> 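This is the structure, below, for whatever I ask next.
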Amino acid sequence: MTPAFVLSESELHINATAARHVVRIQGARLLYSLKAFSTIEYLHAYVDGFSASSLFEARLARQTADATGLLQYTCPLLREEEVGEVIELCDRVSLNSLSQFD
């Protein structure tokens, strides 16, 4: 037997709609973490953008989601060779320390 991750689309819709409503009332933005790839195509209609923690996730978000959606990159280690492409793909980059910024 192979493990599987099974989702209820109707429950996902209810929860995503509720989250979007609360976020709008508060004047915030709702970002979806790309760790759960299985729902990215469905949830992009409910969120303002995505939070990526790798260059692969950032590429996936730009390919899958609306190109105008917010894309935030948060990663404890940003590789020097990836900086250029991350900056091109992402609207925001969050760093953990000033030394990482340097």
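From a predicted model like this one, the values you see are computed outputs, not experimental measurements.
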> If we check salt bridge (charged side-chain N to carboxylate O under 4.0 Å, His left out) with Arg59, which of these qualifies: Glu82, Glu85, Glu88?
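It is Glu85; the other options fail the test.
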> Calculate, to the nearest 0.5 Å, the distance between atoms OG and CG belonging to Ser53 and Leu77 respectively.
11.5 Å
> Are His13 and Tyr46 packed together at the side-chain level, in the sense that at least one heavy-atom pair is separated by less than 4.5 angstrom?
yes
> Determine which pairs satisfy salt bridge (Lys or Arg N to Asp or Glu O under 4.0 Å) with at least one residue from residues 7-20, sequence neighbours left out, and list them in order.
Arg20-Asp48
> CD/Glu57 to CZ/Phe50 distance, rounded to the nearest 0.5 angstrom?
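Going from CD on Glu57 over to CZ on Phe50, the span is 11.0 Å.
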> Just wondering, are more than 12 heavy atoms of other shown residues or ligands nearer than 6.0 Å to CD1 in Ile25?
yes
> Checking the side chain of Gln26 only, and the main-chain atoms of Val22 only, is there a donor and an acceptor separated by less than 3.5 Å?
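No; judged by distance alone, with no hydrogens or angles, the pair does not exist.
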> Do Leu89 and Leu55 have side chains that get closer than 4.5 Å, going by heavy atoms?
yes
> Answer whether the closest heavy-atom distance between the side chains of Leu71 and Cys90 falls below 4.5 Å.
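Sidechains of Cys90 and Leu71: in contact.
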> May I have all residue pairs that pass ring pair (Phe, Tyr, Trp, His ring centres under 6.0 Å) and include part of residues 73-93, sequence neighbours excluded?
none
> Can you tell me how far the OG atom of Ser8 sits from the CG atom of Asn15, to the nearest 0.5 Å?
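Between atom OG of Ser8 and atom CG of Asn15 there are 9.0 Å.
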> Between Val47 and Leu12, is there a shared hydrophobic cluster once you connect ILVMFWY residues whose side-chain heavy atoms come closer than 4.5 Å?
yes
> In chain order, what residues pass the side chain to side chain donor-acceptor pair (under 3.5 Å) check against Arg29, with sequence neighbours excluded?
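Applying side chain to side chain donor-acceptor pair (under 3.5 Å) to Arg29 gives none.
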> For residues Leu30 and Val23, report the shortest heavy-atom separation together with the two atoms involved.
N-CG1, 3.8 Å
> State, yes or no, whether a side-chain contact exists between Gln72 and Ser94 at a heavy-atom distance under 4.5 Å.
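Yes - at least one pair of side-chain heavy atoms lies under 4.5 Å apart.
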